[in-house]
Amino acid sequence: MKRLILAMIAACLALLPVMSSAGGFDPAEVAGTTLNVYNWGEYVDMEVIRDFEKEYNVRVNYKTFESNEYLWLQLQSEDAWDVVVPSDYMIERLIAAKKLQPIDKNIVDNLDQLAEGVKNQAYDPDNTYSVPYFWQTMGIVYDTTKIPEEEMEAQGWNAFQNEAYAGHAYMYDSSRDAFMIAEKALGYSANTTDENEINAAYEWLRNMHRTLKPSYVTDEVIDSMAEGLKWMALVYSGDAAYILGENEDMSYCVPSQGTNIAVDAMVIPANAKNPKLANLFIRYMLDYEASKANSLEVGYASANARVLEELSGAGGEYEDNAAYLPRSGYELDEVYVDLPADWQSRQPDLWTKVMAE
Amino acid sequence: MKSFVRMSYPYLLWIALFIVAPMIMILLYAVTRSGSGTITFSFTLDNFGRFLSDTTFLKVLWTSLRIALLTTVFCILIGYPAALFIANLPEKRQTLMVLLLTLPMWINMLLKTYAWRGILMNFDLESEIKVFIGMVYDFLPYMILQIHTAIAKLDRNLIVASYDLGANRWKTFLKVTLPLSVPGIISGITLVFLPAVSSFVIPKLLGGGNYVLIGNLIETYFLVAGDWNFGSAISLIMALIIIASMYLTKRLDRSAVEE
Amino acid sequence: MENRKSPWRFFSSGYLILVLLFIYLPIGYVMLFSFNDSKSMISFSGFSLRWYEAMFENREMLESIYYTVVVALIATAVSTVVGTVAAIGLSKARPLLRSIALEINNLPVLNPDIVTAISLMLLFLSAKIQRSIVTLTLAHITFCIPYVILSIMPKLRQLDDNVAEAALDLGASPRQALTKVIIPQIYPAILSGALIAFSMSFDDFVISFFTAGVDVQNISMYVYSMKRFNPSVNALSALIVVAVTIILVLANLIPALRERKNKKEEYQE
């Protein structure tokens, strides 16, 4: 298998000698090497990866994971990934644990293409370690034939306390997001560690469990809402954009009480074996062409300003899609901060008790 | 014959390395305090106390046991007649049936569950019924195959003798076939009940997310909460319950055979 | 028991057909939806081969199925050999050693996968062993051996020790006694143990996830990490069903044919 691949690479090398250069860096240096990429499942247009391989005569070993916490555990080992795509708070934790190496900005010379909404976030103020890939807000997808728009907009997160929707709601099974909506509904910060506020949020969630009787789901909510199985669901905007594209009755509400802005960004682990190619890859993924292809394929909001504008603007693929473009610059919206260690375990503990009650 | 004993040594080394050593690590986590990643040696039984003193956790445990138990019962009720009927088929048909029962085991469990989810969407059923359909579906072939093996091994002469002695079909079944197939039922229970206790993917996908089971708990505390000490303690409690229930079924097995 | 046609016989055939329908319903469903025109797993909107095309273009998926099969084959081969040899050895060991070893052997069967997975990961991490396809295979062998032993042990208990003793008394070497006397008698149990081992390895997700390194991803890991359902997996499963059917049919046909041939030869002699 390996020998075959090497032979193929050698053949490619002979055929494609001239490459575009990046930041004075000679791409011939990386030709024939392998890049280990670890991304979320179904989160890319594979054509883009294939094109990258052709352009630089390399092989991308592309693998997928399904949660930040799994990723964190994987990165505790000696495994040498070259590019991984964690979310904001996990990047903060990885930086603090000295698990990342800085981006080489001589190679990644296109950071000016980043959209305003994702640039220089608090978890990595100068984008020293991370280059945003997709970003999103959390909100409520709902069936407009069951819940009128004004009714939903007026309630915001409090829809999750409304007895009238009992049995017709999906709740995302994620302790961090569950506490976020409770805290926002109560007017607190999504990053609070205040004992009283956490307890109030806990009571709010218990009340939700009793009155709304939601079904607790993870990614299967995307297909379920596209099928229109329930009236409302807590989802991220990228998934909502997909659902809205599949089902005309669905609409998307980002509550005025404020929400979470989540950024998934490309980082290079400290023990990466092929950091040069990793930087080239990040540059390639951020560029207009790749960003556009990925965003079209997946439905998440691009981190590339031009793509974002084009796809959501007049004539764009997502012009009429209420969920594609994340709300930005809204005062009450927050990016998650990595919680102190004791809260990292307490929130899931409380959340489990809510669900099991 | 003694020379054969030596043949087990490589295996004993293997289990010492890959089963005993890792389990000791889990045990160490369970009886120590905090700090994921490194083991800090301050002995405590708090992790066990925390589980046993919390009604939510006990409720989760009870739900898991109840679902596993009912799944096992349904599997026996549906599987036993099937195994019996298969054993009465001509030999070639038996092989075919065994083949047909083995084949579905090779298809990814998650995928079969997705398929059930699609099928059951079309019916308005209680989520609990959906969960049992999915669970019984997943484990039924194991139960049928185990019971079938036991029945197929039976000495036909015993049954013929029973008829000769004037027993009818029903009586022969109750007095001869059933008692002698108990070992098959027991090994079927082992293959169904044990994995059923810790399964959580099927209840999650088919139960519409209305179940928190012990498997979810272990996963949550290890992965999301990063509380390996508590996660280990829950794992041990569960292992103890399972070992105890296996011990009980073995006792039942023995007393049934003695009768 | 009796060959005459009776309502009872009618009932039993009907029952078995119902059980088979139940067992094949979702598999048929997967195969049907592998030809679905849309992404839905709930409504069938039209016939198309797009998911088959997508599957064959999906290098990651094809690689993962390749690794799944390779790991399952190695794990099955090693665990069948080690398990068979160990079971025979244990059956002759002192009762105390035997019962302790068998209790430990049961642990991976009793333990939830996640516990086995985490405990093995802890082992590899603390021994500073880089995770790779090697650790993945070691882990698979570890959880496959118990099933092989569980499958062989009952058969060994039924064996008459005297036969092997007699072979030894008649001058057979232990190796001959093993290969000519014991193994042929437990052969069906070894085969069924190997089949269980293969299907366990083939289907495993949790243990693989925690013991594999950057170089390998099996098909379950691929399926579980899908954020949205990719129907190419239906196409893949449909092909697996067809492949497994062919393999199983061949596996059963060849011995049957050989037997028939042997019988014919015997008859001719």
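Letters A, B, ... are given to chains in the order of the sequence lines, protein chains preceding strands, and every chain is numbered from 1.
- Heavy atoms closer than 4.5 Å to chain A are found nowhere in Ala54(C), neither backbone nor side chain.
- Note on Met46(A), Glu66(A), Glu227(A): by heavy-atom pairs under 4.5 Å with chain C, the leading option is Glu227(A).
- If you measure heavy-atom distances from Asp79(A) to chain C, the contacts under 4.5 Å come from both the backbone and the side chain.
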Dump the intermediate steps for ring pair (Phe, Tyr, Trp, His ring centres under 6.0 Å) on Tyr29(C) and Tyr24(C), then the final yes or no. CA-CA 8 Å; Tyr29(C) 197 82; Tyr24(C) 279 87; over 10 Å; no
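- Ser64(C) is not listed as a side-chain neighbour of Tyr67(C), based on a closest heavy-atom distance of 4.5 Å or more.
- The candidate from Met221(C), Met121(C), Arg59(C) with the greatest count of non-hydrogen atom pairs under 4.5 Å with chain A is Arg59(C).
- In this structure, Glu60(C) pairs ionically with Arg50(A), as a charged nitrogen and a carboxylate oxygen lie closer than 4.0 Å.
- Highest contact tally toward chain C, considering only Tyr38(A), Tyr62(A), Trp81(A), is held by Trp81(A) [criterion: heavy-atom pairs under 4.5 Å].
- Ring geometry for Phe35(C) against Phe47(C) counts as parallel: the plane angle stays under 30°, on a 0 to 90° scale with 60° as the upper cut.
- Using the six-membered ring where Trp is involved, Tyr300(A) and Phe134(A) have ring planes that are tilted, between 30° and 60° apart.
- For a residue to count as touching a neighbouring chain, one of its non-hydrogen atoms must lie under 4.5 Å from one of that chain's; by this rule Gln74(A) touches chain C with backbone and side chain alike.
- Contact of Phe124(C) with chain A is not made at all, since no heavy-atom distance falls under 4.5 Å.
- Contacts between Asp215(C) and chain A at a heavy-atom distance below 4.5 Å involve the backbone alone (N, CA, C, O).
- Residue contact with chain C, scored on non-hydrogen atoms closer than 4.5 Å, involves the side chain of Leu229(A) exclusively.
- Residues Tyr43(A) and Thr64(A) have side chains that never bring a donor and an acceptor to within less than 3.5 angstrom of each other.
- The pair Lys230(A)-Glu220(A) fails the salt-bridge criterion, with no side-chain N (NZ, NE, NH1 or NH2) lying under 4.0 Å from an Asp/Glu carboxylate O.
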